[in-house]
Amino acid sequence: SDAIGTLSYRYLPMIQVNDIFPSTLSTNVPHTVHVVGENFQYPSVLTCKLGVLGATINSQAIVTDDKSMKCFVPPVNQVGDAMLDIVTNSGDSMLESERGPNTLKFFDPINFRIAPSFGDINGGTTVIVSLGRALSINGKDQLMCRFLLSNELSSITDVIAVPLNGTLFSCLSPNVASVSSAD
(Lines give C-alpha, C1' and ligand atoms only; values in the text may rest on other atoms or scores of the structure.)
Protein backbone atom coordinates (compact mmCIF):
# COMPACT_ATOMS: atom_id res chain seq x y z
CA SER A 1 0.00 0.00 0.00
CA ASP A 2 1.07 3.59 -0.60
CA ALA A 3 2.14 5.53 2.49
CA ILE A 4 0.45 8.87 3.04
CA GLY A 5 2.83 11.59 4.17
CA THR A 6 1.98 14.09 6.83
CA LEU A 7 1.93 17.81 6.41
CA SER A 8 2.28 20.29 9.19
CA TYR A 9 0.61 23.62 9.76
CA ARG A 10 1.84 26.08 12.38
CA TYR A 11 -0.10 28.76 14.19
CA LEU A 12 2.00 31.87 14.70
CA PRO A 13 1.41 34.87 16.94
CA MET A 14 0.05 37.97 15.21
CA ILE A 15 2.45 40.69 14.15
CA GLN A 16 2.57 43.72 16.45
CA VAL A 17 4.06 47.01 15.21
CA ASN A 18 5.29 49.37 17.93
CA ASP A 19 7.13 52.05 15.94
CA ILE A 20 7.84 53.11 12.38
CA PHE A 21 11.00 55.15 11.81
CA PRO A 22 10.98 57.52 10.06
CA SER A 23 7.25 58.06 9.84
CA THR A 24 7.56 61.41 8.09
CA LEU A 25 9.11 61.18 4.62
CA SER A 26 9.93 63.59 1.86
CA THR A 27 8.41 63.08 -1.55
CA ASN A 28 10.31 62.25 -4.76
CA VAL A 29 13.05 60.12 -3.15
CA PRO A 30 13.11 56.46 -2.06
CA HIS A 31 13.27 55.65 1.65
CA THR A 32 14.00 52.69 3.89
CA VAL A 33 11.50 52.60 6.73
CA HIS A 34 12.49 50.71 9.89
CA VAL A 35 9.65 48.86 11.59
CA VAL A 36 10.01 47.82 15.24
CA GLY A 37 7.60 45.39 16.86
CA GLU A 38 7.05 41.76 17.76
CA ASN A 39 6.46 38.38 16.11
CA PHE A 40 8.07 39.05 12.73
CA GLN A 41 9.03 35.33 12.54
CA TYR A 42 12.58 35.59 11.19
CA PRO A 43 13.11 34.32 8.56
CA SER A 44 9.75 34.74 6.91
CA VAL A 45 8.15 36.39 3.94
CA LEU A 46 6.40 39.62 4.82
CA THR A 47 5.19 42.30 2.45
CA CYS A 48 5.06 46.02 3.09
CA LYS A 49 1.85 47.30 1.53
CA LEU A 50 1.63 51.05 1.18
CA GLY A 51 -1.67 52.77 0.37
CA VAL A 52 -0.65 56.06 -1.20
CA LEU A 53 -3.19 58.54 -2.53
CA GLY A 54 -5.53 55.97 -4.04
CA ALA A 55 -2.83 53.55 -5.24
CA THR A 56 -1.28 50.49 -3.59
CA ILE A 57 2.47 49.81 -3.63
CA ASN A 58 3.81 46.42 -2.49
CA SER A 59 7.44 45.73 -1.60
CA GLN A 60 9.09 42.78 0.09
CA ALA A 61 10.07 43.39 3.69
CA ILE A 62 13.58 42.63 4.90
CA VAL A 63 13.13 40.92 8.26
CA THR A 64 16.30 41.38 10.33
CA ASP A 65 15.07 39.55 13.44
CA ASP A 66 11.80 38.81 15.25
CA LYS A 67 11.55 42.43 16.46
CA SER A 68 12.70 44.49 13.48
CA MET A 69 12.32 44.74 9.75
CA LYS A 70 12.80 47.23 6.93
CA CYS A 71 10.42 48.31 4.19
CA PHE A 72 11.49 49.95 0.94
CA VAL A 73 9.28 52.92 0.08
CA PRO A 74 9.64 54.15 -3.50
CA PRO A 75 9.34 57.85 -4.39
CA VAL A 76 5.84 59.36 -4.39
CA ASN A 77 4.78 62.58 -6.12
CA GLN A 78 2.25 64.08 -3.73
CA VAL A 79 2.12 65.36 -0.18
CA GLY A 80 -0.24 63.49 2.17
CA ASP A 81 -0.80 60.52 4.45
CA ALA A 82 -0.19 56.90 3.46
CA MET A 83 -1.18 53.74 5.29
CA LEU A 84 1.58 51.18 5.86
CA ASP A 85 0.38 47.62 6.27
CA ILE A 86 2.45 44.53 6.99
CA VAL A 87 1.03 41.45 5.26
CA THR A 88 2.14 37.87 5.99
CA ASN A 89 2.59 35.20 3.33
CA SER A 90 -0.81 33.83 4.37
CA GLY A 91 -2.43 37.19 3.65
CA ASP A 92 -3.01 38.26 7.26
CA SER A 93 -2.95 42.02 7.57
CA MET A 94 -1.68 44.10 10.48
CA LEU A 95 -4.26 46.82 9.72
CA GLU A 96 -7.23 44.49 9.92
CA SER A 97 -6.86 44.21 13.68
CA GLU A 98 -5.25 47.63 14.25
CA ARG A 99 -2.07 46.29 15.81
CA GLY A 100 0.13 49.35 15.87
CA PRO A 101 1.02 52.65 14.22
CA ASN A 102 0.52 52.62 10.49
CA THR A 103 0.50 56.13 9.05
CA LEU A 104 3.35 57.57 7.04
CA LYS A 105 3.28 61.27 6.21
CA PHE A 106 4.80 62.58 2.99
CA PHE A 107 5.87 66.22 2.84
CA ASP A 108 7.52 68.60 0.43
CA PRO A 109 11.26 67.98 0.75
CA ILE A 110 13.47 70.38 2.64
CA ASN A 111 17.16 70.25 1.96
CA PHE A 112 19.06 70.14 5.22
CA ARG A 113 22.54 69.55 6.57
CA ILE A 114 23.88 68.62 9.98
CA ALA A 115 27.25 69.51 11.46
CA PRO A 116 29.06 67.73 12.91
CA SER A 117 27.86 64.34 11.64
CA PHE A 118 29.64 62.38 14.42
CA GLY A 119 30.45 62.81 18.09
CA ASP A 120 31.80 61.33 21.30
CA ILE A 121 29.98 58.38 22.91
CA ASN A 122 29.62 60.45 26.09
CA GLY A 123 27.17 62.67 24.21
CA GLY A 124 26.85 66.38 24.72
CA THR A 125 27.85 67.32 21.17
CA THR A 126 25.83 70.23 19.83
CA VAL A 127 24.52 69.23 16.42
CA ILE A 128 23.44 72.11 14.19
CA VAL A 129 20.64 71.35 11.72
CA SER A 130 20.60 73.78 8.81
CA LEU A 131 17.42 73.82 6.72
CA GLY A 132 17.24 74.96 3.10
CA ARG A 133 14.15 77.07 3.86
CA ALA A 134 12.27 78.31 6.90
CA LEU A 135 9.70 76.05 8.54
CA SER A 136 6.36 77.16 9.88
CA ILE A 137 5.77 75.12 13.03
CA ASN A 138 2.38 75.25 14.76
CA GLY A 139 2.32 76.24 18.43
CA LYS A 140 2.03 72.68 19.78
CA ASP A 141 4.37 71.05 17.23
CA GLN A 142 8.09 70.65 17.83
CA LEU A 143 10.98 69.78 15.56
CA MET A 144 12.82 66.74 16.89
CA CYS A 145 16.24 65.25 16.24
CA ARG A 146 16.03 61.46 16.28
CA PHE A 147 19.18 59.56 17.26
CA LEU A 148 19.53 55.85 16.59
CA LEU A 149 21.89 54.93 19.44
CA SER A 150 22.94 51.51 18.14
CA ASN A 151 22.04 49.00 15.48
CA GLU A 152 19.12 47.98 17.71
CA LEU A 153 16.09 49.85 16.41
CA SER A 154 14.59 49.85 19.89
CA SER A 155 17.33 52.26 21.00
CA ILE A 156 15.92 55.41 19.41
CA THR A 157 16.08 58.66 21.36
CA ASP A 158 14.23 61.83 20.38
CA VAL A 159 15.73 65.18 21.38
CA ILE A 160 13.85 68.46 21.05
CA ALA A 161 15.49 70.76 18.50
CA VAL A 162 16.11 74.26 19.84
CA PRO A 163 15.40 76.97 17.23
CA LEU A 164 18.30 79.35 16.64
CA ASN A 165 16.59 81.22 13.80
CA GLY A 166 14.14 80.35 10.98
CA THR A 167 16.52 77.90 9.29
CA LEU A 168 18.92 76.81 12.07
CA PHE A 169 18.21 74.44 14.96
CA SER A 170 20.46 72.75 17.51
CA CYS A 171 20.21 69.38 19.24
CA LEU A 172 22.39 67.96 22.00
CA SER A 173 23.53 64.40 21.21
CA PRO A 174 22.73 61.80 23.89
CA ASN A 175 25.33 59.41 25.29
CA VAL A 176 25.59 55.83 24.01
CA ALA A 177 26.86 52.63 25.64
CA SER A 178 29.37 51.77 22.90
CA VAL A 179 30.63 52.79 19.47
CA SER A 180 28.46 51.59 16.60
CA SER A 181 27.75 52.29 12.98
CA ALA A 182 24.04 53.09 13.30
CA ASP A 183 21.96 54.46 10.41
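Note that the structure is predicted; figures quoted are calculated from it, not measured. Along the sequence shown, residues are numbered consecutively beginning with 1.
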Problem set entry | Steps toward side-chain contact (heavy atoms from CB on, under 4.5 Å) verdict (Val87, Asn58) | CA-CA 10 Å; Val87 181; Asn58 291 324; over 6 Å; no

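Closest heavy-atom contact between Phe118 and Thr125: O-CG2, 4.3 Å. The two residues Pro22 and Leu104 come nearest to each other via the heavy atoms O-CD2, 3.9 Å. Closest non-hydrogen pair, Ile160 versus Cys171, comes out as O-SG, 4.2 Å. Residue Val63 comes nearest to Met69 through the heavy atom pair CA-CB, 3.9 Å, listed as atom of the first residue, atom of the second, then distance. Pairing each heavy atom of Cys145 with each of Val129, the nearest pair is SG-CG2, 4.0 Å. Counting all heavy atoms, side chain and backbone alike, Phe72 lies closest to Ser59 at O-OG, 2.9 Å.
Considering only heavy atoms from C-beta on, Cys48 comes within 4.5 Å of Leu84 through its side chain. In this structure the side chain of Ile128 reaches within 4.5 angstrom of the side chain of Ser170, judged on heavy atoms. Between Pro74 and Pro30 there is no side-chain heavy-atom pair separated by less than 4.5 Å. Looking at heavy atoms from C-beta onward, Thr126 lies in side-chain contact with Leu172 at the 4.5 angstrom threshold. The side-chain heavy atoms of Val127 and Val159, taken from C-beta on, include no pair separated by under 4.5 Å. Using a 4.5 Å cut-off on side-chain heavy atoms (C-beta onward), Leu46 and Ile15 make contact.
Between atom OG of residue Ser68 and atom CG of residue Asn18 there is a gap of 11.5 Å, rounded to the nearest 0.5 Å. Rounding to the nearest 0.5 Å places CD1 of Ile86 at 13.0 Å from CG of Asn39. To the nearest 0.5 Å, atom CD1 of residue Ile114 and atom OG of residue Ser130 are 11.0 Å apart.
Hydrophobic clustering, with ILVMFWY side chains joined whenever heavy atoms are under 4.5 angstrom apart, keeps Leu131 apart from Met144. Taking hydrophobic clusters as Ile, Leu, Val, Met, Phe, Trp and Tyr residues chained together by side-chain heavy-atom distances below 4.5 Å, Ile121 shares a cluster with Phe147. Phe106 and Ile57 fall within the same hydrophobic cluster, where Ile, Leu, Val, Met, Phe, Trp and Tyr residues are linked whenever their side-chain heavy atoms come under 4.5 Å apart, directly or through other members.
Proximity of a side-chain donor or acceptor of His31 to a complementary backbone N or O of Ser26 within less than 3.5 Å is detected.
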